[in-house]
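Read the structure below first, then the notes.
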Amino acid sequence: MKTISEQDKQIILDSIRDIPDFPKPGILFKDISTLLSNATALNTLMTHLEKRYKAYDLDYIAGIDARGFIFGSILADRLGLGFVTVRKKGKLPYTTVAEKYSLEYGFDEVEVHIDAFGENGCCTTGKPAQVLLIDDLIATGGTATAAANLINKVGAQCVEACFVMELDFLNGRKNIEAPVYSVLHID
Ligand code: AMP
């Protein structure tokens with residue numbers, strides 16, 4: 001089942017807390033800590049994602065530092081898949097591959113281990129590992145675009161980028177080559 005009912009969407013949406021002016025004036029922060037602590041909302045979300053992605057032929061789930069780790073690792077376990085961390089620069093201990101992205105001022109970088117999806121990003125069959133990328137929220141899309149590029153850079157294939165929420169007015173999905181799926185759309 002790929003779609004989610006309006007009722008289930010509302011359960012998830014109602015569990016997310018809005019914090020005005022955090023971390024700086026003008027930003028409406030979408031606080032998912034209240035979604036995580038709400039057993040019904042978390043189960044509703046994860047059951048929807050499990051149903052959607054069990055129809056895909058995935059090899060790995062990759063989560064973006066740090067909230068993508070939570071949803072990604074629950075989903076990976078539900079689907080019987082391995083989980084890969086896409087981390088901010090300097091956190092991973094082994095040989096890494098990095099991808100830069102622009103911020104309002106300057107740039108940032110995300111990294112993965114070079115062998116995170118197998119040697120040359122390939123499964124034992126020799127085909128590129130099929131990877132679902134996940135994060136809590138897509139805003140400008142800089143982080144997710146870099147993460148998706150990074151998956152492809154190490155030889156795997158980002159087959160879809162999935163978000164709990166998308167800030168539609170920022171059109172952050174525009175530079176992501178893979179299909180994008182967001183559970184909730186915020187105007
Ligand atoms: P971006 O690269 O602009 O798409 O930013 C996405 C990352 O920043 C995600 O990892 C989000 O967790 C975080 N983020 C950006 N904007 C918000 C927001 N309004 N509320 C909560 N998290 C946000």
Side-chain angles (χ1 to χ4, degrees), residues 9-38 41-42 44-46 48-49 52-53 60-76 83-92 96-113 116 131-154 156 158-187:
K9 271 193 203 174
Q10 200 61 48
I11 289 169
I12 300 163
L13 188 63
D14 288 347
S15 74
I16 296 165
R17 179 164 57 185
D18 286 349
I19 310 284
D21 300 319
F22 182 87
K24 55 184 184 183
I27 304 287
L28 183 64
F29 192 84
K30 297 292 196 182
D31 177 15
I32 54 101
S33 71
T34 44
L35 161 58
L36 297 174
S37 62
N38 180 326
L42 182 60
T44 301
L45 172 66
M46 296 316 305
H48 165 60
L49 294 179
R52 177 180 176 82
Y53 288 110
Y60 294 93
I61 308 288
I64 299 177
D65 201 342
R67 287 175 288 256
F69 295 172
I70 304 165
F71 301 110
S73 51
I74 298 172
L75 184 59
F83 176 72
V84 169
T85 57
V86 177
R87 300 219 62 179
K88 297 283 166 60
K89 189 178 171 56
K91 302 286 186 186
L92 290 170
T96 58
V97 178
E99 180 84 9
K100 281 187 184 176
Y101 59 99
S102 301
L103 298 172
E104 201 175 343
Y105 302 101
F107 66 90
D108 213 336
E109 259 176 271
V110 283
E111 294 183 328
V112 287
H113 279 146
V131 181
L132 174 73
L133 178 66
I134 189 165
D135 201 4
D136 66 329
L137 184 144
I138 177 166
T140 65
T143 319
T145 303
N149 290 342
L150 191 51
I151 290 165
N152 297 335
K153 204 170 175 175
V154 293
C158 179
V159 295
E160 186 154 288
C162 170
F163 305 93
V164 180
M165 279 166 285
E166 176 168 357
L167 304 185
D168 286 348
F169 53 94
L170 293 173
N171 194 21
R173 60 167 64 210
K174 63 182 179 297
N175 294 320
I176 301 179
E177 281 178 26
V180 173
Y181 173 69
S182 300
V183 179
L184 303 175
H185 291 268
I186 314 288
D187 297 328

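Bear in mind the structure is a predicted one, so any value in this text is a computation, not a measurement. Read the numbers this way: they start at 1 and go in the same order the structure lists the ligands and their atoms.
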Tabulated below should be the N or O atoms of ligand 1 paired with protein N or O atoms at under 3.5 Å; can you produce that?
unit_1   : atom_1 : unit_2 : atom_2 : d
ligand 1 : 2 (O)  : Gly142 : N      : 3.4
ligand 1 : 2 (O)  : Thr143 : N      : 3.0
ligand 1 : 2 (O)  : Thr143 : OG1    : 2.5
ligand 1 : 3 (O)  : Thr140 : N      : 2.9
ligand 1 : 3 (O)  : Thr140 : OG1    : 2.5
ligand 1 : 4 (O)  : Ala139 : N      : 2.9
ligand 1 : 4 (O)  : Thr140 : N      : 3.1
ligand 1 : 4 (O)  : Gly141 : N      : 2.7
ligand 1 : 10 (O) : Asp135 : OD2    : 2.8
ligand 1 : 12 (O) : Arg67  : NE     : 3.4
ligand 1 : 12 (O) : Arg67  : NH2    : 2.7
ligand 1 : 12 (O) : Asp136 : OD1    : 2.7
ligand 1 : 12 (O) : Asp136 : OD2    : 3.3
ligand 1 : 19 (N) : Leu28  : O      : 3.0
ligand 1 : 20 (N) : Lys30  : N      : 2.9

Lys30/Asp18 ion pair, N-O < 4.0 Å: yes

Thr96 (side chain) donor-acceptor with Glu111 (main chain) under 3.5 angstrom: no

Short side-chain to backbone donor-acceptor contact, Asp21 and Gly26, under 3.5 Å: yes

Heavy-atom pair with the smallest gap, counting every atom of Gly172 and Thr145: O-OG1, 4.3 Å

Residue that, paired with Glu109, satisfies side chain to side chain contact (heavy atoms under 4.5 Å, CB included) out of Glu99, Lys88, Lys89: Lys89

Tyr181 and Tyr53 aromatic ring geometry - parallel, tilted or perpendicular at 30°/60° bounds: perpendicular

